[in-house]
Every structure is written in C-alpha cells, then in structure tokens.
Amino acid sequence: QGSLKESGGNLVQAGESLRLACAGSSTMLQYHTCGWFRQAPGREREFVAFINRNDQIQYADFVNGRFTISRHDANNTVYLQMDSLKPEDTAVYYCATSGLNRAVTPAFYNNWGQGTQVTVST
C-alpha cells in the first residue's frame, strides 16, 4: 500500500489549534478508511477519528466537537484540525489505514505512519 507520513505536531498552549496532516498515496487514502489515533506515555493507543471511502466520519467521544477530519484527494492528504486543545490532548498522533469501512480499534488498521508529537501546555 505504501507509506503514510504525519506532520504538523508542535508545542502549543491550551486553547490553541493545530492541523495535523497525513500524506499517502491516492490508493491508500481514497479507497481505504483513514483513521487518526493517539498514544500518551503509559497509555494505550486510542481512537480519535476516521474518514472512509464514502466520506463517512466518526469521532471519539472526547473530541466533543473540537476536532475535524477531512480528506483532500487533490494532494492525497487527510487532515485533522484540532481546536481548543487541552493539556490532556498531549500525545503522539498517528494516522493509519484500514480495509474495513468503519473501524475504531487499532488492531483493524494495518498500515501506520511514524507519528507526530503534539504537546499542549497549560
């Protein structure tokens, strides 16, 4: 399927915004479900959001309207716009692809990027 590469992570203050990007091939991003996950130190990797080939979208409950996932086919990139960031959003954020149409469990994703660090200070 090729590789995925995340970018956009940074150190920001609480309340600020970041836009993460996941770049990959058109085959990967347009014909698979693309999900964002995060993993904080000492915690398991958790689901954040996905967008599938039919443009169906699902968010984790903790997102609570603060994040927006989108796919831009022209540049083969899936974005995660994160607003109103909180210190508890601090984690390494990963994008991944799945052949399933709806998947929130990491085990159902079989192609992962290397991650990008997001740190939110108080």
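In this chain, numbering begins with 1 at the start of the sequence shown. Note: hydrogens, waters and symmetry copies are ignored here, and every other heavy atom, side chains too, is used.
Scanning for salt bridge (charged side-chain N to carboxylate O under 4.0 Å, His left out) contacts around Glu46 gives Arg38, with sequence neighbours left out. Scored by the side chain to side chain contact (heavy atoms under 4.5 Å, CB included) test, Ala21 finds Ser7, Thr77, Tyr79 as partners (sequence neighbours excluded). When the side chain to side chain contact (heavy atoms under 4.5 Å, CB included) test is applied to Asn64, no partner is found at least two apart in sequence or on another chain. Asp83 pairs by the side chain to side chain donor-acceptor pair (under 3.5 Å) definition with Ser17, Gln81, not counting sequence neighbours. In this view, Lys5 satisfies the side chain to side chain contact (heavy atoms under 4.5 Å, CB included) rule with no residue, not counting sequence neighbours. Evaluation of the side chain to side chain donor-acceptor pair (under 3.5 Å) rule for Glu16 yields no partner, not counting sequence neighbours. Under the ring-ring contact (aromatic ring centres under 6.0 Å, His included) criterion, Tyr94 pairs with no residue, sequence neighbours left out.
Residue pairs meeting the salt bridge (Lys or Arg N to Asp or Glu O under 4.0 Å) criterion with at least one partner in residues 99-122, sequence neighbours excluded, are absent. Sorted by first and then second residue, the pairs that involve residues 112-122 and meet side-chain hydrogen bond (donor to acceptor under 3.5 Å, both in side chains), not counting sequence neighbours, are Gln117-Thr119. Applying the salt bridge (Lys or Arg N to Asp or Glu O under 4.0 Å) rule to pairs touching residues 50-62 yields Asp55-Arg71, sequence neighbours excluded. For residues 55-122, every residue pair satisfying the disulfide bond (SG atoms under 2.5 Å apart) rule, not counting sequence neighbours, is listed here: Cys22-Cys95. Applying the disulfide bond (SG atoms under 2.5 Å apart) test to residues at least two apart or on different chains, none of the pairs has a partner in residues 30-85.
Tyr59 contributes atom OH, which lies 7.5 Å from atom CG of Leu80 (distance to the nearest 0.5 angstrom). Rounding to the nearest 0.5 Å places OG1 of Thr33 at 9.5 Å from CD1 of Ile51. Atoms CZ and CH2, on Phe50 and Trp36 in that order, are 15.5 Å from each other to the nearest 0.5 Å. To the nearest 0.5 Å, atoms CD1 (Ile69) and CG (Asn52) are separated by 10.0 Å. Remark: Ile57 CD1 to Phe67 CZ distance equals 14.5 Å, nearest 0.5 Å. Residue Asn76 holds its CG atom at 7.0 Å from OG of Ser25, rounded to the nearest 0.5 Å.
With hydrogens and angles disregarded, no donor-acceptor distance shorter than 3.5 Å links the side chain of Thr105 to the backbone of Phe108. The backbone N or O of Ser84 lies less than 3.5 Å from a partner atom in the side chain of Arg66, making a donor-acceptor pair.
Residues Gln56 and Asn101 are in side-chain contact: their nearest non-hydrogen atoms beyond the backbone lie under 4.5 Å apart.
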- prompt: Please walk me through it: do Glu6 and Leu20 pass side-chain contact (heavy atoms from CB on, under 4.5 Å)?
  reply: CA-CA 7 Å; Glu6 305 92 337; Leu20 305 184; over 6 Å; no
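Within a 6.0 Å radius of CD in Glu44, no more than 12 heavy atoms belonging to other residues, nucleotides or ligands are found.
Phe62 and Val104 fall into different hydrophobic clusters, defined by Ile, Leu, Val, Met, Phe, Trp and Tyr side-chain heavy atoms under 4.5 Å apart, directly or through other members. Follow the hydrophobic side-chain contacts under 4.5 Å out from Val63 and you reach Leu18 in the same cluster.
Aromatic ring centroids of Phe37 and Tyr109 lie under 6.0 Å apart.
For the side chain to side chain contact (heavy atoms under 4.5 Å, CB included) test with Met82, the passing option among Val120, Asp89, Val118, Thr68 is Val118; the others fail.
What you find for Thr27 and His32 is that their closest heavy atoms are O-ND1, 3.1 Å.
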